[in-house]
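Chain identifiers are assigned alphabetically (A, B, ...) following the order of the sequence lines, protein sequences preceding nucleic acid strands; residue numbering begins at 1 within each chain. On a predicted model such as this, the values are computed, not experimentally measured, just so you know.
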Amino acid sequence: MTTPQEHQAYDFAYVQEKWLPIWDEIEPFKSGRPDDPRPKKYVLDMFPYPSGDLHMGHAEAYALGDVIARYWIQKGFNVMHPIGWDAFGLPAENAAIKRNEDPRIWTYENIATQKASMRRYACSFDWDRVFNTCDPEYYKWNQWLFIELHKRGLAYRKDSAVNWCPSCQTVLANEQVVAGLCERCDTAVTKKKLNQWYFKITDYADRLLDDMKELEGHWPDKVLTMQRNWIGRSQGANVNFMIEGRHAPVTIYTTRPDTLHGATFMVVAVDSELAAELAAGTAAEEKFKKYRDSVKAASDIDRLATDRPKSGIFLERYAINPVNGEKLQIWASDYVLADYGTGAIMAVPAHDQRDLDFARAMKLPVRVVVETGDEDPSETGIATTGDGKLVNSGSLNGLNKVDAIAAINKELEASGLGKSARNYRLRDWLVSRQRYWGTPIPIVHCDKCGEVAVPADQLPLQLPDAKGLDLKPKGQSPLAAATEWVNTKCPTCGAAALRDTDTMDTFVDSSWYFLRYPSSKNSTEPFLRADIDTWLPVDQYVGGVTHAILHLLYSRFFTKVLHDIGLLGFTEPFTRLLNQGMVVMDGSAMSKSRGNLVRLSDELENHGVDAIRLSMVFSGPPEDDVDWSDVSPSGSVKFLSRAWRLSGDVTSKPGVAFANGEISLRKATHKALHDAAFAVESFRFNVAIARVMELVNATRKAIDSGPGSADPAVREAVEAIAIMLSLVAPFTAEEMWERLGHKPAIATAGWPVVDEKLLVADAVEAVIQINGKIIERIEVTPTISDAEIEALALANPTVAAALNGATPKKVIARAPKLVNIVL
RNA sequence: GCCCCGAUAGCCCAAUGGCAGAGGCAGAGGACUUAAAAUCCUCCCAGUGUGGGUUCGACCCCCACUCGGGGCACCA
């Protein structure tokens, strides 16, 4: 270490080394002492996955979270700003397979590395509350929650065609399939019929949708829109069609019951049981089977291509249209989805593009029942979906769309042929995984008693030792090979039974972790109600938009379930959400293969922690991506040195009366404090820093060519600069604070109280416009009235000359800023 | 195809219907210096993607379009 005397210039490496051990001693970010009278705030950063050391993305996210946490501390709040690790998951398991070692080792090593980096990065975390989701003390409560859901029928098993990643050799939730590819490894996802565990999130679809009202304005619109689309509620009707030669009718779902008279055929999903049943014993059966097999062989990618020509098979069966008794051909096709609605639709080619494409391909009739004013769909090939007057529709003729829907729904309901219905795009959450590194599902399968939950006093059900297990993906959970672990006794009847060998999706872990921080060390409950009522819901959540659907939707679901169970007094977990952008390089995401990877450790080495944090925060609005090729860390270093130098120039003593200071610098200081606070609260951190830069420039001038370094206003300004800088540049700020004669930690120094009287300017410049064009500027007092400023404007010689005797049509006065004279 | 967001100086970005420029980067010049670096000072640069509309007044609101980014996508 070098000595202070050697460092006339600002030396970030020296300052960093100097303060870390002192902060370790003071622990300025400990939250929640019982006697703490300050109001509380819960600021939460999305917890990291320990996949290696911290990278540029973490550096941005934690810099932003820190601005918010440190700001509220300065503002006098008792802030809880915790951190932990989302530590289960595939990367650890894959690394373990590669190195032939226990995933625990890799995981805990990475956690230690990241933790050390966070300390060096001066994150304002409360280190007393740390936990890792792979700790048995944590995942015990995953199991407890699973059992609570199981009790209430919200965790259940079913056979279903599930998303299967052939490379990861595990099932995937719908949310983890992106454009037909596994989100983790980009392998084309296939379908596999399996018996799997699900959480019944669909029971909460309406509430997940409707409760978003209270998040509006506090969450990014983008995220709310994405969640709405994902849930995809649609309002329509179920209608029963009789089938020739079949006892029971077939129910179809439609959002356009008004077009029922325009149905010219029926289509059932080729992979549905209904299709197989209808085809059985008909002349079309062989053709149908061949078609079905070809569809099943095709991947989701092919199926997702919407511009693909329509295909299908006529099943040689007929349905009867309930409203007009017409006989409709029944076709099987892959454009109808088996797991949406009832897997069967009425086709109205005139008013639905997909049906029209199919009708034209198969030479099926098209009948217009809504006069929209557009050209005939059978000629143009373009279905008319707009509103219009109903025709060829019996009792509905002459009505518009809305009235026709209401009328037909009433008729259907009266006759028992149908009723209004809702459908959702959202599916139940598939939570079982055939991999090792996750929470074991706490269920025992007994021949006599069926699915039996592991009793609470036997939790945690620990993962068996990885030693001796083959973790390689093979379609069956590696836990199945842990014979001693698998073979157990039924908790109910004591007979020999088998443990469930699947593990939970790691998104289960992250769906409630924010509830654990306030009571993270408690071993008898997942969270204490008293702590929850003190700290929750989270006041400010900060994280990447990549979790807009998955994590945030699941967390909202869990919160509602736990509320219903009576464990929480609120239904939305995150009051405010900030999504930071990504750190990119030359316009694209950083990656080794692209060769544009910037190493955080190099940047920190070259420019120092504060300069990197400052660069991240100053680069632009937090939601925007940071292009590292656009930012100038050396510019940040320059600014920080400039600010630091001010602290050495102040010659007045701490505690000097600021009221005697030079007035214009005092005004600049108070304006900066006021504006920066407002900017931080509205997430415009880049603007807040610009305000600090202005004040630094003004103070420099005051020292060099103004009232001089002894003026109390200079001390007031530099202290304000240090406090404002403490949000982004904690080392520099602390060093400045010491040079100003104060004791650490500046983090808890408190935001100076803004004197409203100093926010008012003595004189302001008002503009005078004629027809919106500026012709003169005048000095006015800020308290001038509209009438006074109007009089001043009209009396102004330049204005009088420009008017040249003309009478203004209208004069708009907006004191004290402007007067607009309209001729 | 549908939905959302964005477009301001060479570059990153400010300006919550009222003077387009707060701040920074890059660039130019000067002071200091034997010189350079550092530091300090000064300066340069656009009329807000395009076309309409509303308004006394539009970067800001409305309509249409262009380009860029993101989300959803055969959900009946």
Side-chain angles (χ1 to χ4, degrees), chain A residues 8-10 178-180 220-230 232-234 236 252-256 259 267 269 303-308 310 333-337 339-348 351-355 357-358 423-427 545 548-549 581 587 614-615 618-621 623-627 629-636 638-639 641-642 645 675 678-679 682 684 686-697 700-701 703-705 765-774 776-777 808-814 817-823:
Chain A
Q8 291 307 305
Y10 180 58
V178 179
D221 287 338
K222 187 183 170 185
V223 173
L224 295 176
T225 306
M226 282 167 73
Q227 293 215 356
R228 278 195 193 98
N229 290 342
W230 188 262
R233 180 161 72 192
S234 99
I252 61 96
Y253 174 73
T254 178
T255 53
R256 293 293 304 276
T259 62
V267 189
R303 195 174 165 145
L304 280 168
T306 47
D307 49 358
R308 195 165 59 101
K310 291 278 186 286
S333 174
D334 63 352
Y335 87 90
V336 172
L337 306 176
D339 59 351
Y340 183 78
T342 58
I345 63 150
M346 66 168 187
V348 185
H351 308 299
D352 181 285
Q353 191 59 49
R354 294 151 301 181
D355 296 346
D357 293 343
F358 192 82
N423 268 306
Y424 304 87
R425 222 189 67 103
L426 182 72
R427 302 294 140 83
V545 74
I549 297 173
L614 177 68
S615 300
F618 183 56
S619 71
E623 307 83 12
D624 289 7
D625 287 350
V626 178
D627 194 323
S629 61
D630 288 334
V631 309
S632 168
S634 56
S636 296
K638 226 165 81 181
F639 165 69
S641 322
R642 193 168 146 84
R645 240 177 282 121
D675 290 359
F678 179 67
S682 41
R684 283 145 56 242
N686 52 327
V687 177
I689 292 168
R691 294 291 94 84
V692 182
M693 288 173 167
E694 279 177 278
L695 186 58
V696 167
N697 292 341
R700 181 79 262 157
K701 234 173 228 169
I703 293 171
D704 290 350
S705 55
E765 193 179 59
V767 293
I768 304 170
Q769 304 176 323
I770 292 182
N771 288 338
K773 282 204 176 99
I774 295 156
E776 181 67 309
R777 294 152 198 278
K809 220 182 273 172
K810 200 170 170 190
V811 179
I812 290 117
R814 289 284 179 276
K817 282 183 174 171
L818 116 170
V819 177
N820 187 14
I821 299 162
V822 187
L823 294 182

Say whether [X] and [Y], considering side chains only, have a donor N or O and an acceptor N or O under 3.5 Å apart.
X        : Y        : value
A:Tyr253 : A:Ser234 : yes
A:Asn423 : A:Arg233 : no
A:Ser615 : A:Ser636 : yes

Could you pull out all residues at least two apart from A:Asp675 that satisfy side-chain contact (heavy atoms from CB on, under 4.5 Å)? A:Lys671, A:Arg691

Partner set under side-chain contact (heavy atoms from CB on, under 4.5 Å) for A:Asn771, not counting sequence neighbours: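 By the side-chain contact (heavy atoms from CB on, under 4.5 Å) rule, A:Asn771 matches A:Val822, A:Leu823.
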
Which pair of heavy atoms, one from [X] and one from [Y], lies closest together, and at what distance?
X        : Y        : answer
A:Arg425 : A:Asn229 : NE-O, 3.5 Å
A:Asp355 : A:Ala347 : OD2-CA, 3.3 Å
A:Ile821 : A:Pro808 : CG2-CB, 3.6 Å
A:Ser333 : A:Val267 : CB-CG1, 3.7 Å
A:Pro633 : A:Val631 : CD-O, 3.4 Å

Could you pick out which residue, A:Ser682 or A:Asp221, lies toward the 5' side of RNA chain B when each is mapped onto its nearest nucleotide? A:Asp221

Quantified in whole Å, what is the [atom1] atom distance between nucleotide [N] and nucleotide [M]?
N     : M     : atom1 : result
B:A37 : B:G30 : P     : 13 Å
B:G1  : B:C13 : C1'   : 35 Å
B:C12 : B:A22 : C1'   : 14 Å
B:U48 : B:C59 : P     : 7 Å
B:C60 : B:A9  : P     : 15 Å
B:A15 : B:G23 : P     : 14 Å

Measure [atom1]/[X] against [atom2]/[N] and give the value in whole Å, please.
X        : N     : atom1 : atom2 : result
A:Ile345 : B:A76 : CD1   : P     : 11 Å
A:Leu337 : B:A76 : CG    : P     : 10 Å
A:Asp624 : B:C4  : CG    : P     : 19 Å
A:Asn686 : B:U8  : CG    : P     : 15 Å
A:Leu695 : B:A22 : CG    : P     : 16 Å
A:Arg427 : B:A73 : CZ    : P     : 10 Å
A:Asp630 : B:G10 : CG    : C1'   : 12 Å
A:Asp627 : B:C12 : CG    : C1'   : 9 Å

Heavy atoms from C-beta onward define the side chain here; which of [options] lies closest to that of [X]?
X        : options             : value
A:Pro621 : B:C13, B:G23, B:C12 : B:C13
A:Tyr253 : B:A76, B:C13, B:C74 : B:A76
A:Phe678 : B:A76, B:U16, B:G24 : B:U16

Using nucleotides 36-44 of chain B, report all nitrogen or oxygen pairs with the protein that are shorter than 3.5 Å.
{"unit_1": "B:U39", "atom_1": "O3'", "unit_2": "A:Arg645", "atom_2": "NH1", "d": "3.0"}
{"unit_1": "B:C40", "atom_1": "OP1", "unit_2": "A:Arg642", "atom_2": "NH1", "d": "2.5"}
{"unit_1": "B:C40", "atom_1": "OP1", "unit_2": "A:Arg645", "atom_2": "NH1", "d": "3.3"}

Need the pair for [N]. Rule: Watson-Crick or G-U wobble, both distances under 3.5 Å, any strand; none if unpaired.
N     : answer
B:U33 : none
B:G17 : none
B:G27 : B:C43
B:G51 : B:C63
B:C2  : B:G71
B:A76 : none
B:A38 : none

Do A:Arg684 and B:A14 share a donor-acceptor pair, side chain to base, under 3.5 Å?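 No pair found.
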
Under-4.0 Å salt bridge between A:Asp352 and A:Arg256: no

Charged tip of A:Lys310 within 45° of A:Phe358 ring normal and under 6.0 Å: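 The answer is no, since A:Lys310 fails at least one limit relative to A:Phe358.
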
Mind listing the N/O atom pairs, protein and nucleotides 54-58 of chain B, below 3.5 Å?
{"unit_1": "B:C56", "atom_1": "OP1", "unit_2": "A:Lys810", "atom_2": "NZ", "d": "3.2"}
{"unit_1": "B:C56", "atom_1": "O2'", "unit_2": "A:Asn820", "atom_2": "ND2", "d": "3.3"}
{"unit_1": "B:C56", "atom_1": "O2", "unit_2": "A:Asn820", "atom_2": "ND2", "d": "2.4"}

Let me see the working for A:Leu818 and A:Gln769 under side chain to side chain contact (heavy atoms under 4.5 Å, CB included), right down to the final yes or no. CA-CA 8 Å; A:Leu818 116 170; A:Gln769 304 176 323; 3.5 Å; yes

B:G47 glycosidic torsion: syn (within 90° of 0) vs anti: syn

Between A:Ser632 and B:C12, does any side-chain N or O lie under 4.0 Å from OP1 or OP2? no

Within the structure, does a side-chain N or O atom of A:Tyr340 lie under 4.0 Å from either OP1 or OP2 of B:A76? yes

Applying salt bridge (charged side-chain N to carboxylate O under 4.0 Å, His left out), can you list everything that pairs with A:Arg228, at least two apart in sequence or on another chain?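 If we apply the salt bridge (charged side-chain N to carboxylate O under 4.0 Å, His left out) test to A:Arg228, skipping adjacent residues, the hits are A:Glu216.
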
Give me, pair by pair, the N or O atoms of the protein and of nucleotides 70-72 of chain B that are less than 3.5 Å apart, along with how far apart they are.
{"unit_1": "B:C72", "atom_1": "O3'", "unit_2": "A:Arg425", "atom_2": "NH1", "d": "3.2"}

